[in-house]
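Just so you know, ligand 1 is whichever comes first in the structure, and atom 1 is the first atom listed for that ligand. The first residue of the sequence shown is numbered 1, and numbering continues consecutively from there. Bear in mind the structure is a predicted one, so any value in this text is a computation, not a measurement.
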Amino acid sequence: MSTVDDITALILDDHAAFRRGFARLDDARDEQELLAVWDALALHLDIHAEAEEAILYPHLVKHGDDGEDETADAIGDHNKIRDAIAEAKLHPVGSEQWWAAVGTARRENSEHLAEEEDEALPDFRRHASFELRAELGQRWLTFYGEHKNGRDLPFRDKDPQRYVADHRAG
Ligand SMILES: [Fe+2]
Ligand SMILES: [Fe+2]
């Protein structure tokens, strides 16, 4: 397991990067630094949510003990994070409104990471074989390669119930 790329390990790596990214915002000394840190962090958050919605949750929704609820929660959280990122883009970097939107993204993300790490991922691990975890890990890496810098990803909100209904069967 340690020499292959388990999807849950790849997800945890991203989560750690998000926590570091928000901490780096605290240390940025001017708007240029803020922009550099935030642009990369916001893009990574958006791509990560799309990757989970394409690769992780379609499996969890079908096989998890509480997969439908966990999936609906996650899509709703992803929407809130996406919305806050989109809101931040409407304001000058470093302005009061920008910090408010970034603060919302940070709060929503912290809550979401905790739920994902304490509920969704444990549920997934209980039902996914090592082979599947490695296979989805491979797809995860391919997804990031194909969508470098968010290429071809719309970053649009999804209706949580609709997503569950669409992925529950088949
Ligand atoms: Fe995640
Ligand atoms: Fe997520």
Side-chain angles (χ1 to χ4, degrees), residues 1 4-25 37-89 101-128 132-150 152-168:
M1 200 65 191
V4 299
D5 294 301
D6 163 24
I7 186 173
T8 70
L10 293 169
I11 287 174
L12 292 179
D13 283 349
D14 277 6
H15 290 183
F18 299 154
R19 293 192 178 93
R20 275 198 304 277
F22 281 110
R24 280 193 188 119
L25 284 181
V37 174
W38 175 245
D39 267 358
L41 174 57
L43 180 64
H44 193 185
L45 283 164
D46 273 338
I47 296 174
H48 176 89
E50 295 284 339
E52 287 181 344
E53 290 165 4
I55 300 167
L56 174 73
Y57 285 101
H59 181 87
L60 186 70
V61 73
K62 289 195 213 55
H63 303 289
D65 291 330
D66 201 14
E68 294 190 13
D69 282 349
E70 283 156 0
T71 298
D73 276 358
I75 305 302
D77 288 351
H78 289 176
N79 289 342
K80 288 185 209 162
I81 297 163
R82 270 191 284 259
D83 290 350
I85 290 169
E87 173 71 23
K89 290 197 173 114
V102 169
T104 301
R106 186 176 191 159
R107 228 174 15 257
E108 294 294 347
N109 182 62
S110 293
E111 266 179 46
H112 174 61
L113 297 192
E115 282 188 6
E116 214 158 50
E117 292 176 11
D118 298 346
E119 294 165 27
L121 291 180
D123 199 358
F124 172 78
R125 289 191 192 96
R126 280 195 295 274
H127 298 91
L132 179 69
R133 285 162 65 172
E135 183 195 317
L136 296 188
Q138 198 51 52
R139 280 184 53 198
W140 184 272
L141 295 175
T142 302
F143 186 96
Y144 269 67
E146 284 173 350
H147 299 288
K148 233 181 182 60
N149 297 317
D152 298 331
L153 294 176
F155 302 142
R156 251 184 246 118
D157 285 356
K158 298 167 184 68
D159 180 77
Q161 297 311 330
R162 177 87 198 261
Y163 179 95
V164 167
D166 286 351
H167 293 84
R168 183 160 42 199

Legend entry - His78 versus His48, side-chain donor and acceptor atoms under 3.5 Å: no
Legend entry - Salt-bridge contact Asp123-Arg126 (side-chain N to carboxylate O under 4.0 Å): yes
Legend entry - Of all N/O/S atoms in Glu116, the name of the one nearest the Fe ion (ligand 1): OE1
Legend entry - Of all N/O/S atoms in His15, the name of the one nearest the Fe ion (ligand 1): NE2
Legend entry - Lys158/Glu50 salt bridge by N-O under 4.0 Å criterion: yes
Legend entry - Among the N, O or S atoms of His78, the one nearest the Fe ion (ligand 2): NE2
Legend entry - Heteroatom test (N, O or S) for His112 near the Fe ion (ligand 1), limit 2.8 Å: no
Legend entry - Pair Glu108, His112: side-chain N/O donor-acceptor within cut-off below 3.5 Å: no
Legend entry - the Fe ion (ligand 1) reached by Asp14 (N, O or S, under 2.8 Å): no
Inset, instruction - Please report the closest heavy-atom contact between Ile47 and Gly150, naming both atoms and the distance. - result: CD1-N, 3.4 Å
Inset, instruction - Could you check which N/O/S atom of Glu52 is closest to the Fe ion (ligand 1)? - result: OE2
